[in-house]
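Values below: all heavy atoms of this structure, side chains included; hydrogens, waters and symmetry mates excluded. Letters A, B, ... mirror the listed sequences (proteins, then strands); counts begin at 1.
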Protein chains: 2
Amino acid sequence: MAQSDTVTRILDTAEVLFAERGFAETSLRNITSKARVNLAAVNYHFGSKKALIQAVFARYLDPFSQRFHGALDELEARYEGRDIPLEVLLETMATTVLTVPAERNSLKVFMRLLGLAYSQAQGHLRRYIQQQYGDVFSRFTELVRRATPDLPDAERFWRLHFMLGTVIFTLSGLDALRDIAEKDYHQHVSVRDLVRRLRPVVVAAMNAPLPDEKDIEHHADTVAH
Amino acid sequence: MAQSDTVTRILDTAEVLFAERGFAETSLRNITSKARVNLAAVNYHFGSKKALIQAVFARYLDPFSQRFHGALDELEARYEGRDIPLEVLLETMATTVLTVPAERNSLKVFMRLLGLAYSQAQGHLRRYIQQQYGDVFSRFTELVRRATPDLPDAERFWRLHFMLGTVIFTLSGLDALRDIAEKDYHQHVSVRDLVRRLRPVVVAAMNAPLPDEKDIEHHADTVAH
DNA sequence: GTTTGTTTAAAACATCCGTTTTTTATGGCC
DNA sequence: GGCCATAAAAAACGGATGTTTTAAACAAAC
């Protein structure tokens with residue numbers, strides 16, 4: 001069992017360090033020394049640093065993808081072809097996200113990694129995630145589409161990403177926010193508590209009135225990109 | 001004018017490269033060679049790479065802080081002590097954010113930098129921004145407090161950060177999202193267009209009904225942090 | 001015209017990086 | 001025992017990084 005021990009110790013250490021400092025700021029020497037493993041072990045077992053990063057993600061996203069597919073199967077069976085309400089879809093996604101890392105007690109790490117996958121350059125990562133787990137997301141968005149038939153496609157697309165930003169930003173920066181919150185309001189905030197607060201906000205945001213068309217040409221477009 | 005030319009050329013180049021790839025992934029040699037400036041110039045004029053990063057931020061945040069203070073002064077004068085409506089406050093912040101980089105045609109860069117400041121490790125950056133520009137933010141949140149008297153303090157705190165996440169996440173990851181959006185919906189998305197879409201969503205989110213108290217103890221808290 | 005202070009240029013420095021190679025240890029199999 | 005594939009450990013490699021040092025150019029002041 002020497003191998004699997006080394007491999008998982010590398011993964012356990014790497015995911016924490018990556019989540020704390022990002023990929024470029026975390027060297028293989030950081031990882032291997034903290035994991036009390038030889039430097040060459042990463043290249044031996046994973047091939048390269050890139051592959052290590054992908055392996056860290058796979059360990060979260062493989063079970064997530066699998067469970068989420070299962071949960072959606074169950075949902076579609078229960079509703080027998082009828083549209084699944086938006087609240088139910090969101091709730092299902094939330095509980096699935098919460099379930100996966102719960103087994104490893106590291107939701108914070110999971111969310112922080114997701115945030116990095118978006119914000120960080122790391123082109124290879126986005127591509128990897130896209131082609132590896134894009135189908136689950138597509139399936140979900142299609143169900144959301146049926147649940148919100150009055151929303152224009154583009155509007156729904158953007159609002160989904162708005163909410164993705166809300167959740168990832170909040171949960172990935174949880175520690176910093178929690179510090180401020182506890183200092184200012186003297187109350188402890190659990191993840192479940194946060195999800196409870198997120199629920200009505202996300203639902204209200206998705207159901208917000210459509211933007212005013214007149215706003216389009218309010219100003220000359222002095223802001224190029 | 002040789003000095004100021006070198007300095008601004010470094011800043012102009014650095015902010016673009018930082019925004020594109022992040023701080024760690026951008027070397028001083030990248031910057032100086034692209035700016036056609038000697039490698040040692042950065043350390044000579046700024047002292048260190050850290051100081052360069054902070055200078056890049058200061059060039060955006062100093063005018064922003066100044067203008068935002070001015071805009072709030074104006075608003076408080078206009079409302080003569082009466083509470084300023086939430087929509088007006090949000091609108092003021094949005095226009096101020098849009099105004100500052102418009103002069104340099106680089107809102108995208110500005111937003112991306114803000115996103116990096118949050119997501120990236122770079123402890124020194126968050127500390128620098130906090131102590132340098134914390135007061136403007138405090139002033140703003142106090143006005144928001146008066147505008148939403150029915151919202152519990154903790155709830156308002158979290159919702160403000162939820163929306164901060166929405167905006168920063170969306171605008172800092174704009175390029176990637178824009179690619180997907182244009183591929184799927186064949187429409188170009190301008191920043192102004194995005195702000196128009198964000199407005200009703202943010203307002204609806206802030207005014208969402210309070211979370212259901214009963215939800216607190218729905219599940220055993222198996223999820224630690 | 002020399003001197004002085006400031007900016008640029010070039011080179012060198014020490015350090016850290018990801019990866020590869022070489023060597024040593026380990027444990028199952030004939 | 002000897003054999004062999006697998007894993008771990010140690011050492012080295014080539015390259016890139018931030019920074020510092022040394023030398024040259026330049027303009028202003030006297």
Are [X] and [N] close enough that a side-chain N or O sits under 4.0 Å from OP1 or OP2?
{"X": "A:His45", "N": "D:dA8", "result": "yes"}
{"X": "B:Thr6", "N": "C:dT8", "result": "yes"}
{"X": "A:Asn43", "N": "C:dT19", "result": "yes"}

Heavy atoms from C-beta onward define the side chain here; which of [options] lies closest to that of [X]?
{"X": "A:Lys49", "options": "C:dG18, D:dT19, D:dA8", "value": "C:dG18"}
{"X": "B:Tyr44", "options": "D:dA10, C:dA10, C:dT6", "value": "C:dT6"}
{"X": "B:Asn38", "options": "D:dA8, C:dT19, C:dT8", "value": "C:dT8"}

- A:Val109 backbone acceptor or donor facing A:Ser106 side chain under 3.5 Å: no
- Aromatic rings B:Phe18 and B:Phe23: how do their planes relate, parallel, tilted or perpendicular, breaks at 30° and 60°? perpendicular
- Residue closer to the 5' end of DNA chain C, A:Ala40 versus A:Ser27 (nearest nucleotide): A:Ser27
- Message: Using heavy-atom distances to pick each residue's nearest nucleotide on DNA chain C, tell me which of B:Arg29 and A:Ser48 is more 5'.
- Response: B:Arg29
- Message: Under 3.5 Å, is there a donor on one side chain and an acceptor on the other for B:Thr26 and B:Arg21?
- Response: no
- Query: D:dT19 P sits how many Å from B:Leu28 CG, rounded?
  - Reply: 6 Å
- Grab the CG-P distance between A:Leu39 and C:dG18 for me, whole Å please. 8 Å
- Task: Describe the nucleic acid contact of A:Thr32 in one word from base, sugar-phosphate, nothing, applying a heavy-atom distance below 4.0 Å.
- Result: nothing
- Message: Tell me if the aromatic rings of A:His161 and A:Phe157 count as close, with their centers under 6.0 Å from one another.
- Response: yes
